[in-house]
Amino acid sequence: MGDRVGDRVGIDELLERVRAGLDRIDARAAHAAYRAGDALLVDTRYAALRERDGLIPGALVVERNELEWRLDPLGSHRLPEADSHDLRVVVLCNEGYASSLAAESLRRLGLRRATDVIGGFQAWKAAGLPVLLPRRTATG
């Protein structure tokens, strides 16, 4: 059942299909939506990347493996911010690949306005948008 070669899809095609269903936005639009109070920014990068590159002020940090549990408005482990299926969630990963898949997963949970940032955190940083840089400590 469904195991024919023709039924399989590679990650590149899956990503293309997922993105076709999203209203992806660029970093500046994400920043404007957050500042206007119209979006919850969610940073799904893992700790080592956040420690290396910094944080986006005001972004909610939710690592990818917890995303659905923390943002499902009906979930028993949801964060207080996840209070409505009408919430506009804008997901960022490092470069904008995993965040597309994450946004699509949130849409399957009923968060119909979920989307992601084209180019992810790296595009945010390149656009000169606010970043809290990690503290560097002297060694030795």
Side-chain angles (χ1 to χ4, degrees):
M1 169 167 121
D3 200 17
R4 297 185 327 254
V5 173
D7 292 341
R8 295 181 187 163
V9 61
I11 188 61
D12 293 327
E13 184 177 340
L14 176 62
L15 187 60
E16 187 177 319
R17 289 179 187 181
V18 163
R19 286 178 170 172
L22 295 175
D23 299 316
R24 301 183 77 215
I25 60 176
D26 66 24
R28 291 193 184 283
H31 183 248
Y34 168 74
R35 294 217 21 166
D38 184 43
L40 176 66
L41 295 179
V42 178
D43 185 347
T44 62
R45 293 175 301 140
Y46 52 89
L49 289 176
R50 296 190 311 269
E51 290 167 7
R52 182 188 77 188
D53 294 336
L55 297 168
I56 296 172
L60 187 63
V61 174
V62 180
E63 290 202 19
R64 179 62 190 96
N65 63 325
E66 297 182 355
L67 187 69
E68 291 82 359
W69 284 269
R70 299 294 185 222
L71 292 178
D72 178 6
L74 301 177
S76 59
H77 298 293
R78 75 172 179 83
L79 293 169
E81 294 87 350
D83 59 359
S84 168
H85 283 95
D86 291 327
L87 181 64
R88 184 177 187 197
V89 178
V90 178
V91 183
L92 293 104
C93 65
N94 194 47
E95 295 180 340
Y97 294 94
S99 58
S100 295
L101 300 174
E104 194 269 339
S105 182
L106 293 175
R107 283 186 171 218
R108 282 187 273 150
L109 289 175
L111 292 155
R112 61 180 177 75
R113 298 177 68 206
T115 192
D116 75 319
V117 174
I118 300 164
F121 177 85
Q122 295 304 321
W124 180 282
K125 187 172 153 185
L129 295 169
V131 173
L132 295 173
L133 295 176
R135 292 183 193 207
R136 303 287 183 215
T137 58
T139 56

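Residue numbers run from 1 in the order of the sequence given.
A salt bridge is defined here as a Lys NZ or Arg NE, NH1 or NH2 lying under 4.0 Å from an Asp or Glu carboxylate O, and Arg88 with Asp23 fails to meet this definition. Salt-bridge check for Asp116 with Arg24: passed, with a basic side-chain N closer than 4.0 Å to an acidic carboxylate O.
At most 12 heavy atoms of other shown residues, nucleotides or ligands fall within 6.0 angstrom of atom CD in Glu16.
By the 4.5 Å heavy-atom criterion applied to side chains, Val117 and Ser99 are not counted as neighbours. Using a 4.5 Å heavy-atom threshold, the side chains of Arg113 and Val89 count as separate. Contact check for Ile11 versus Leu101: side-chain heavy atoms found under the 4.5 Å cut-off. Considering only heavy atoms from C-beta on, Leu111 comes within 4.5 Å of Pro73 through its side chain.
Judged purely by atom type and a 3.5 angstrom limit, Trp124 uses its side chain to pair as donor or acceptor with the backbone of Pro130. No donor-acceptor pair closer than 3.5 Å links the side chain of His31 to the backbone N or O of Asp26. Side-chain N or O atoms of Arg45 include none that pairs as donor or acceptor with a backbone N or O of Leu92 at under 3.5 Å.
Scored by the salt bridge (Lys or Arg N to Asp or Glu O under 4.0 Å) test, Glu51 finds no partners at all (sequence neighbours excluded). Partners of Arg112 by salt bridge (Lys or Arg N to Asp or Glu O under 4.0 Å), not counting sequence neighbours, listed by chain and number: Asp86. When the salt bridge (Lys or Arg N to Asp or Glu O under 4.0 Å) test is applied to Arg28, no partner is found at least two apart in sequence or on another chain.
Val42 pairs with exactly one of Leu71, Leu79, Leu106 by the side chain to side chain contact (heavy atoms under 4.5 Å, CB included) rule, that one being Leu71.
In this structure, Asp43 CG and Arg50 CZ are separated by 6.5 Å, a value rounded to the nearest 0.5 Å.
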